[in-house]
Amino acid sequence: MFVKSLPKYNMPDENGYFGQFGGAYVGEDFRPILARLDEEFEKAINDESFIKELYDLMVDYSGRPTPLYFAKRLTEHYGRGKIYLKREDLNHTGAHKINNVLGQALLAKRMGAKKVIAETGAGQHGVATATVAALLGLECEIFMGEIDINRQYLNVERMKLLGAKIHSVDTGSKTLADACEAASNYWERHRDVFYILGSAVGPHPYPKMVRFFQSIIGSEIKEQILKKENRLPNYVLACIGGGSNAIGTFYAFLDDKDVNLIGLEAAGEGVDSKKTAASLNTGKIKLFNGFKQYVLVDENDNVKESYSISAGLDYPGCGPEHCYLFETGRVKYEPITDDEAVQAFARLSKLEGIIPAIESSHAVAYLEKLMPTTSKDDLVVVNISGRGDKDTERLLQLLV
């Protein structure tokens, strides 16, 4: 069943733009580094030995393919349609993040790097990076916002156990965007390291690279649903912050116009409140973190702090391909509040015995709005991007 080839379409132009979004807004002296990265990435993914090594690790180390599970009790709860869950939470390390990390870490070794760095919000990308660094014998340093360190203590301890050094970032909002900035600044000062960026954001070629390594999710879904139902789904849902699990889920279906693709943004306390991370629904086009994107801004047109109960979705912008898909209307992006996500976290746990990450719970929450509009024959796929171990203690306090 494992998919041995990945689609190549909707590619950015030679400068890394999807429509007007993307690019590489970096200093002139840094452009050759990104150009070399792009060149080596293209060589690697066209090298059968590299792809075989990557796929072998995805299968034997990470546990792919992940199941596409028919959620019978959840389906019965809504009384219509048929809901399938893509179980990325069953990957080694507990989330989709390892797909991209395995690919980038192998590329790092191919390029001769001895040390990797990464940013992380919820900690899942940090854990995946520390894990693969240990596997491949690479030195590893992780940048994480001070607030996220406090609310994701378990993942911080896992990273330390795996041998990673943790940098606490105490600037700005002390969350994911600041961790990205700190990691980028470190990379500019230490150009012999390899930066394993965790989401489909950043300057070109990162969005293209991350999408390639994560696109195994959607490719598997397509193969699995055709085998189970002999047709494509009517709806495919995924949560979105920067957008790696979502673009990985959607990519295989972009040319299938009858498949409705829906990304669920973190609305926090509401899109009309001051505490939100819904950049596509409320943001403005702006340069941020080295590329052009939709970004949350204040009344002075400055990037403002984002907010979400989910550390992994607490980012004030969004990946360039998602911005393009939003602008063209190919993908629909809807906001989900903290309260809706917390209730979905409990609902899936009680109905299916699956405790999802609070990030993934945003996608599960949208079923409350979607399912009443579906027919009895509609197929709905929800990507469960990660497991909820890291969130359980905190969310149980809110569910009392």
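Just the heavy atoms: all of them, side chains too, but no hydrogens, waters or symmetry mates, feed the values below.
- Residues V259 and V380 are members of separate hydrophobic clusters, defined by side-chain heavy-atom contacts under 4.5 angstrom among Ile, Leu, Val, Met, Phe, Trp and Tyr.
- V169 and V156 are assigned to two separate hydrophobic clusters, defined by single-linkage of ILVMFWY side chains at heavy-atom distances under 4.5 Å.
- Atom CG of residue N234 and atom OG1 of residue T374 lie 8.5 Å apart, to the nearest 0.5 angstrom.
- Using modelled atom types, one finds no donor on one side chain facing an acceptor on the other under 3.5 Å when comparing T175 with D148.
- Between K160 and E157, at least one side-chain nitrogen of the basic residue sits less than 4.0 Å from a carboxylate oxygen of the acidic one, meeting the salt-bridge criterion.
- Using a 3.5 Å distance cut-off with no hydrogens or angles, the side chains of Q224 and Y84 do not pair a donor with an acceptor.
- Within the model, atoms OG of S308 and NE2 of H362 stand 4.0 Å from one another, a figure rounded to the nearest 0.5 Å.
- With contacts defined as side-chain heavy-atom distances shorter than 4.5 Å, the pair D258/D256 does not qualify.
- For E352 and Y69, the side-chain atoms include at least one donor-acceptor pair closer than 3.5 Å.
- For the pair K292 and Y25, the cation-pi test (distance below 6.0 Å, angle within 45°) is failed.
- Between the R330 side chain and the L254 main chain, a donor and an acceptor come within less than 3.5 Å of each other.
- Side-chain atoms of S310 and E359 form a donor-acceptor pair, as typed in the model, at a separation below 3.5 Å.
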(request) Would you please test L68 and E220 for side chain to side chain contact (heavy atoms under 4.5 Å, CB included) and show each step? (result) CA-CA 9 Å; L68 184 67; E220 283 183 2; over 6 Å; no
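- Nearest approach of I196 to E119, heavy atoms of both residues: O-OE1, 3.8 Å.
- Inter-residue side-chain proximity for I83 and H77 is flagged as unmet; no heavy-atom pair is nearer than 4.5 Å.
- Under the 3.5 Å distance criterion, the side-chain polar atoms of N91 are left unmatched by any main-chain donor or acceptor of G94.
- For the residue pair Q214/N99, the side-chain donor-acceptor check at 3.5 Å is satisfied.
- In this pair, F41 and F212 present their aromatic rings perpendicular. The plane angle is above 60°, beyond the 30 to 60° band.
- Considering CG of L226 and CD1 of I221, their distance stands at 11.5 Å, rounded to 0.5 Å.
- Using a cut-off of 4.0 Å between Lys/Arg side-chain N and Asp/Glu carboxylate O, R231 and D377 are scored as not salt-bridged.
- The pair E42-K208 meets the salt-bridge criterion, with a side-chain N (NZ, NE, NH1 or NH2) lying under 4.0 Å from an Asp/Glu carboxylate O.
- Under 3.5 Å, the side chains of E88 and N245 contain no donor-acceptor pair of N or O atoms.
- Counting only heavy atoms from C-beta outward, the side chains of D314 and R151 approach each other to under 4.5 Å.
- With rounding to the nearest 0.5 angstrom, the CD atom of E265 is 11.0 Å from the OH atom of Y294.
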(message) E368 vs Y78, test: side chain to side chain contact (heavy atoms under 4.5 Å, CB included). Steps then yes/no.
(response) CA-CA 8 Å; E368 290 287 292; Y78 292 108; 2.6 Å; yes
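- A single hydrophobic cluster is seen to contain both I240 and I247, as judged by linkage of ILVMFWY side chains at heavy-atom distances under 4.5 Å, directly or through other members.
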Enumerate donor-acceptor pairs with a distance under 3.5 Å from any side-chain N or O in residues 333-348 to protein atoms, sequence neighbours excluded.
residue	atom	partner	partner atom	Å
Y333	OH	H322	ND1	2.8
E334	OE2	K332	NZ	3.4
T337	OG1	E340	N	3.2
T337	OG1	E340	OE1	3.3
D338	OD1	I309	N	3.1
D338	OD2	Y307	OH	2.6
E340	OE1	T337	N	2.8
E340	OE2	K369	NZ	3.3

(request) May I have the step-by-step check of side chain to side chain contact (heavy atoms under 4.5 Å, CB included) for N289 and S184, ending in yes or no? (result) CA-CA 9 Å; N289 281 166; S184 296; over 6 Å; no
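- Ring geometry for F143 against H167 counts as parallel: the plane angle stays under 30°, on a 0 to 90° scale with 60° as the upper cut.
- A salt bridge does not link D389 with R158: none of the charged nitrogens is closer than 4.0 Å to a carboxylate oxygen.
- Using a 4.5 Å heavy-atom cutoff, the side chains of H125 and N100 are in contact.
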(message) Applying side chain to side chain contact (heavy atoms under 4.5 Å, CB included) to C140 and V116, what does each step give before you reach the verdict?
(response) CA-CA 5 Å; C140 179; V116 295; 4.2 Å; yes
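- Using modelled atom types, one finds no donor on one side chain facing an acceptor on the other under 3.5 Å when comparing N383 with S385.
- Using a 4.5 Å cut-off between side-chain heavy atoms of Ile, Leu, Val, Met, Phe, Trp and Tyr, with links allowed through other members, L138 and V193 fall into the same hydrophobic cluster.
- Applying the salt bridge (charged side-chain N to carboxylate O under 4.0 Å, His left out) rule to pairs touching residues 167-186 yields E146-K174, sequence neighbours excluded.
- Here CD of E53 is found 4.5 Å from CG of L106. Values are rounded to the nearest 0.5 Å.
- Ion pairing between a basic and an acidic side chain is recognised when a charged N comes within 4.0 Å of a carboxylate O; E76 and R73 show no such pairing.
- Taking each heavy atom of A164 and A130 in turn, the nearest pair found is CB-CB, 3.8 Å.
- At a threshold of 4.5 Å between non-hydrogen side-chain atoms, the residues K228 and F70 do not count as touching.
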